[in-house]
There are 2 protein chains.
Amino acid sequence: MTMSNTGGRRKPPTIHDVARVAGVSRGTVSRVLNGGHYVSPAAQEAVNAAIRKTGYVVNRHARSLITGRSDSVGFLLTEPQEKLFEDPNFNVLLRGCTQALAAHDIPLLLMVAGTEDERRRIMRYITAGHVDGVLLVSSHSGDPVAEQLRDAGVPLVQCGKPMGLGSKVSYVAADDRDGARDMVRHLLSLGRRRVGVVTGPLDTPGGVDRLAGYKEVLTEAGVAIDDRLIVSGDYSRASGEAGAERLLERAPDMDAVFVASDLMAQGALTALRRAGRRVPEDVAVGGFDDSAAATESVPALTTIRQPYDRISNEMVRVLLAQIGGEDPAAVILPTELVRRDST
Amino acid sequence: MTMSNTGGRRKPPTIHDVARVAGVSRGTVSRVLNGGHYVSPAAQEAVNAAIRKTGYVVNRHARSLITGRSDSVGFLLTEPQEKLFEDPNFNVLLRGCTQALAAHDIPLLLMVAGTEDERRRIMRYITAGHVDGVLLVSSHSGDPVAEQLRDAGVPLVQCGKPMGLGSKVSYVAADDRDGARDMVRHLLSLGRRRVGVVTGPLDTPGGVDRLAGYKEVLTEAGVAIDDRLIVSGDYSRASGEAGAERLLERAPDMDAVFVASDLMAQGALTALRRAGRRVPEDVAVGGFDDSAAATESVPALTTIRQPYDRISNEMVRVLLAQIGGEDPAAVILPTELVRRDST
DNA sequence: TTCTCTACTGTGAACGCTCACAGAAGCATG
DNA sequence: CATGCTTCTGTGAGCGTTCACAGTAGAGAA
């Protein structure tokens, strides 16, 4: 009479079963599992064979109980919703982090803090030690969550430069300023001199730095800064459309515009088309991000590529280092100009 | 001399500390934590006060070790990438599930099985009992993963109707057939008679059902089915564009088209514009999904709304029921016609 | 009174693992 | 031969919780 295996799950083998099959002790099996130092080759081999034979998989709960580590990290999003819905970059980041962590056999717990209630529950969960560290994505970058976590001693890496420079928290970001410089230099190299800009939100480092890069290059090139050519948006498509409209009103002779996100650039294209301007003949348009929106636009956008794959890899690397005891670190990654049809 | 709390985390309070503060035993605290049956009001109150005072949070690892439950579920995506990048619906689903689970205090583990290696690692993780159940999103809907999990006795809910009807696995889906019927009826009600269709992939139930609804309504209305008016796509924007182009070639007198996804409908709009057709005057266009693409299109798409918020809620509900021992269940949710500017 | 029943409470054992420690075996050195 | 050192192995304890069980107190019935 054999045991039925329909329906319920069988009780999985433990380290004890492996030890018995391999003819060694629990301790030896544990050592093999954790790097194999101080284990004879013969025992090593016997244990590995026993693991394969029994189909043993470590019980992470039991391990965590004694080590105090959870061997998992949280991916925390502190946005009501727009980010998750509108921003194509978010997907890339989430996927990149999931995979980078998977390579270390570390599961990713997704946490979305929309309401204040959710935020509290999540903070309690995190500070109780249920994750070893947190990857934080938040757009309003003076987020109190970052400071709270840092004060609680939770390893933390933020995506994008945080606002308060005093706060000692790790972050990984693209080089916004340098990217903006590249784009504006590119527009100037096309012979354009009336270069407008639709900035990001000016209460975020990203918004500020991209504008700074713009001004820097114009000044270098001896082109006067004209306030009528500067408006700001909030990275949304709608704000890009409104921004371009305002620019055309205030400076009808504009012959190029640097828009600080692809989504806004898409909106700007709509506004330009409506105003009867041809792109790129009358007005050259440069975006930022190289998100999916850049290739979907008509014409396809010349843009500044943010290396999201590298950003997610670095976020994970820095976080794991910090969990391992290293100090917080800031990583700034280079961007790249991608030429398409809008310039 | 006070203990420094800079840097490292303090050791969190245990159930023991709570018991001591409340003046009761571990057992009583545990009972309060798990529903409070057979606990006197006085003890109940004392324990709750002690929990607040000490800031106690249950150690889930210790609990899981003994209960055998992990009190977490996996969200498994078996797609190489396109879904995560192109499909706006995916975001909505992921967020919905995260929140529905959060209400039960259950964390969501995100798992992406792109490569074969990842798939194996994830299967081992799941079957080892590290999650209590799995929410599965996969487009090629005869996915072997579903059967493997079912055979391993892992509670499972799939998003969308699975292909092999024999396999007894839970799923939650929108009523594709009925949605298609509504849309085609709507197009007919506008007086259109040459109604084309760009279907989804015909090796998936969603693709098949939407086409079936289309044919059904035409037949009911006494309009002959014309094969030249039927082409199929794969839900991508590009395939919608190509599909509409082919339809115009084969049936230049087409005066309406039902496109089985909003993303494809966006592509169709591009093709129609290029061919000089006005939408909706010359050709009315109906989409499916009511994703972000529907409102971003110009003109905004009339479409069939899939109730993604309800879908995610139902997926979680059915999964938790199944974890609780109930039998697998199928849930089919009603759709809704959303009128915009393309019809 | 005594017994039974219900409502509640405390206690030891276990869950599966890692860690610290003790000890064994092998080998070179004094 | 004792001593030390290195490499390897086994053993008990304990992580924080739940669960089963035993036990207590009080109320009501016989």
Side-chain angles (χ1 to χ4, degrees), chain A residues 9-48 50-51 54-72 105 124-125 127-132, chain B residues 9-48 50-51 54-72 105 124-125 127-132:
Chain A
R9 303 193 216 180
R10 252 222 204 63
K11 195 168 185 184
T14 74
I15 205 174
H16 222 110
D17 301 319
V18 175
R20 197 166 25 75
V21 171
V24 299
S25 72
R26 285 165 17 241
T28 301
V29 176
S30 177
R31 276 182 286 263
V32 170
L33 254 32
N34 295 286
H37 298 301
Y38 287 96
V39 182
S40 67
Q44 180 94 244
E45 183 45 47
V47 169
N48 282 326
I51 287 176
T54 55
Y56 170 79
V57 179
V58 68
N59 180 326
R60 299 170 91 108
H61 301 303
R63 172 182 285 173
S64 293
L65 183 54
I66 191 160
T67 60
R69 283 174 285 122
S70 73
D71 292 315
S72 69
D105 212 35
R124 215 166 2 139
Y125 187 90
T127 51
H130 291 320
V131 292
D132 294 340
Chain B
R9 304 194 215 180
R10 252 220 206 63
K11 196 168 185 184
T14 75
I15 206 174
H16 221 112
D17 300 320
V18 175
R20 197 164 27 74
V21 171
V24 298
S25 72
R26 282 164 22 238
T28 300
V29 177
S30 178
R31 276 183 285 265
V32 171
L33 253 34
N34 294 284
H37 298 300
Y38 286 95
V39 182
S40 68
Q44 180 94 244
E45 183 45 47
V47 168
N48 282 327
I51 287 176
T54 55
Y56 170 79
V57 178
V58 67
N59 181 326
R60 300 170 91 109
H61 301 304
R63 172 183 285 172
S64 294
L65 181 55
I66 192 160
T67 61
R69 283 174 286 122
S70 72
D71 293 315
S72 68
D105 213 34
R124 212 163 7 136
Y125 188 89
T127 52
H130 290 320
V131 293
D132 295 340

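Residue numbers start from 1 in every chain, and the chains themselves are labelled A, B, ... in the order their sequence lines are given, proteins ahead of strands.
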Closest to the [X] side chain, choosing from [options]:
| X | options | answer |
| --- | --- | --- |
| A:Ala43 | C:dG16, D:dT9, D:dT18 | D:dT9 |
| A:Ala62 | C:dC17, D:dT18, C:dC15 | C:dC17 |
| B:Asn34 | C:dT18, D:dT9, D:dT18 | D:dT18 |
| A:Val24 | D:dG10, D:dT7, D:dG16 | D:dG10 |
| A:Ile66 | D:dC8, D:dC15, D:dT18 | D:dC15 |

Write down the distance between [atom1] ([X]) and [atom2] ([N]), rounded to a whole number of angstrom.
| X | N | atom1 | atom2 | result |
| --- | --- | --- | --- | --- |
| A:Asn59 | D:dT17 | CG | P | 16 Å |
| B:Asp17 | D:dT17 | CG | C1' | 13 Å |
| A:His16 | C:dT18 | NE2 | C1' | 14 Å |
| A:Ile15 | D:dG10 | CD1 | C1' | 13 Å |
| B:His130 | C:dG16 | NE2 | P | 12 Å |
| B:Tyr38 | C:dG10 | OH | C1' | 17 Å |
| A:Leu33 | C:dC19 | CG | P | 11 Å |
| A:Arg60 | D:dG16 | CZ | P | 20 Å |

Has [X] got a side-chain N or O lying under 4.0 Å from the OP1 or OP2 atom of [N]?
| X | N | value |
| --- | --- | --- |
| A:Tyr56 | C:dC17 | yes |
| A:Ser30 | C:dC17 | no |
| B:Ser25 | C:dT9 | no |
| B:Thr14 | D:dG16 | no |
| A:Ser40 | D:dT9 | yes |
| B:Thr28 | C:dG10 | yes |

A:Arg26 (side chain) and C:dT18 (base): donor-acceptor pair under 3.5 Å: yes
Test: A:Asp105 and B:Arg124 ion pair at under 4.0 Å: no
Sugar-phosphate, base or nothing in reach of A:Arg31, heavy atoms under 4.0 Å: base
Looking at [X] and [Y], what are the two nearest heavy atoms and their distance?
| X | Y | answer |
| --- | --- | --- |
| A:Val32 | A:Gln44 | CG1-OE1, 3.6 Å |
| A:Ser70 | A:Asp132 | N-OD1, 2.8 Å |
| B:Val18 | B:Val47 | CG1-O, 4.2 Å |

pair A:Ile51-A:Leu33: side-chain heavy atoms closer than 4.5 Å: yes
Parallel, tilted or perpendicular, as decided by the 30° and 60° cut-offs, for the rings of A:His61 and B:His61: tilted
